[in-house]
**Student:** 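One structure, pasted below without further comment.
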Amino acid sequence: MNSHERSRIVQEVNEAGRCSHPVRLNSTQVNVRTGEITSKVLKVACKDRREAVCPACSRTYGIDAWIVAATGINGGKGVSADVVDSPRIFVTMTAPGFGSVHTVRPNGRCVQVPSGASLCDHGWPRACGLRHEEEDRLLGLPICDRCFRYRDAVLWNAHASRLWSVTMLQTRRNLASRLGVPRMDLHRHASVHYLKVAEMQRRGLIHFHALARLDGGELGDATSRGSDLIEAWTDAVREVTLTNKMGRFQWGDILDIQTLGKRDGDARVLASYLAKYVTKTAGEGLELARQFRSRRQIRLSVNNPHLRRMATEAWDLAADADCLHLNAKNHAHTLGYTGHLMTKSRKYSTTLTALRKARSEYRSKCVSGEILTGDFSYAGRGYDDARSELLVDLLVGWERQARSMASSSTSRMGEKR
Ligand SMILES: [Zn+2]
Ligand SMILES: [Zn+2]
Ligand SMILES: [Zn+2]
């Protein structure tokens, strides 16, 4: 490879933000200041959030998610710094149980059965006496897969988003009655803003983490009413039930609500925690990263037997007359979950779109010194030169190595202290 080729490859990779599968766009660009027009094929980053699909884009997505999460509780990017004086909470809401799965309880043990029959109807022990390590492949698998209610579990995932919306409505209703104001006037006294992230647990069920804050309104200052927000939310989680011909859907017993202190560190840690989830995929690799094209593909590609069964169950729901509107086939890879991974109420903070727009304007300014606008049409995927892909793989590997060396040296320093 000569030096000209080398620099062309490096430039191509850098322009695409080190993306593993850039999108090729035919472009006609106009320089906003000079009016000059240029045509060329652009390689732009795929912007996939999933680490397993594109490490570089996933990292950028995680950083943006971090900014969106942190500014809503700490201020910045258009959110007032005064939000640190508002009551701010971190909420975790979980799915109910659909059958015992191998797990690690706070005491380090798996499933214990206090009394009753020691074997299930299928002849399996109901309890598990093991203490599972973090990487144990048994974690998340049912103790008896014939006892596990797969259909109910997938249907719960399919209703989780709706359950969230109804719960938020009920929280606001409860808050209005606690503050003694009509529901329709609540926004003039207090408003609840949140960012929520859906996490796929190992058992294949969705649970939600949310950062929320309570702001005052034009008629009242609710910022001393943090405990009312917590109680309104807790009551809503306990009260809300969705019922239709597919079943009855409620939250699980585990609800955790923590109040955030005024320290900046709280916001940073929680925002990192949420940002970590948005770059993950269910399962171990790419098997659940994209929509399935056939039932057979699920059988052949998903290694984890429990997640395979969940995905198949979701696929099969599409044939069930009661569940037709769920469009379950399209959500077999998300095990029935139909919602977005990260959503927020409008006034919580800035948006991912705004951050992306600012970055792309900054990049185009860095490349050409000018802001460019123009027409773009899809022309395919990937780099012109296969060696560009090799370079991306190398860079990803180095970066990963550097990060793991940095984190192990930080933890060694922690041990020394
Ligand atoms: Zn990418
Ligand atoms: Zn176990
Ligand atoms: Zn059983």
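Ligands are counted one by one from 1 in listed order, and the atoms in each one are counted from 1 as well.
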**Student:** How wide is the angle at the Zn ion (ligand 2) between SG of C110 and NE2 of H132, to the nearest 10°?
**Tutor:** 100°

**Student:** Can R400 and E51 be counted as an ion pair, charged N to O under 4.0 angstrom?
**Tutor:** yes

**Student:** For H4, I'd like to know if atom NE2 has over 12 heavy atoms of other residues, nucleotides or ligands within 6.0 Å.
**Tutor:** no

**Student:** What I want to find out is whether D121 reaches R146 closely enough, with some N-O distance under 4.0 Å, to be called a salt bridge.
**Tutor:** no

**Student:** Distances under 2.8 Å only: what protein N/O/S atoms are near the Zn ion (ligand 1), ordered by chain and residue?
**Tutor:** C19 SG, C46 SG, C54 SG, C57 SG

**Student:** With a 4.0 Å cut-off, would you call D235 and R178 a salt bridge?
**Tutor:** yes

**Student:** What N, O or S atom of H102 is found closest to the Zn ion (ligand 2)?
**Tutor:** ND1

**Student:** Given atoms SG of C120 and SG of C144, what angle do they subtend at the Zn ion (ligand 3), to the nearest 10 degrees?
**Tutor:** 110°

**Student:** Which atom, among the N/O/S set of H122, is closest to the Zn ion (ligand 3)?
**Tutor:** ND1

**Student:** Say whether, by atom type as modelled, one donor and one acceptor occur between the side chain of N26 and the main chain of A379 under 3.5 angstrom.
**Tutor:** no

**Student:** Are E134 and R202 close enough for a salt bridge, meaning some N to O gap below 4.0 Å?
**Tutor:** yes

**Student:** Less than 6.0 angstrom from the centroid, inside 45 degrees of the normal: does R149 satisfy that with respect to the ring of F98?
**Tutor:** no

**Student:** In terms of side-chain geometry, is the basic nitrogen of D215 or K347 positioned less than 4.0 Å from the acidic oxygen of its partner?
**Tutor:** no

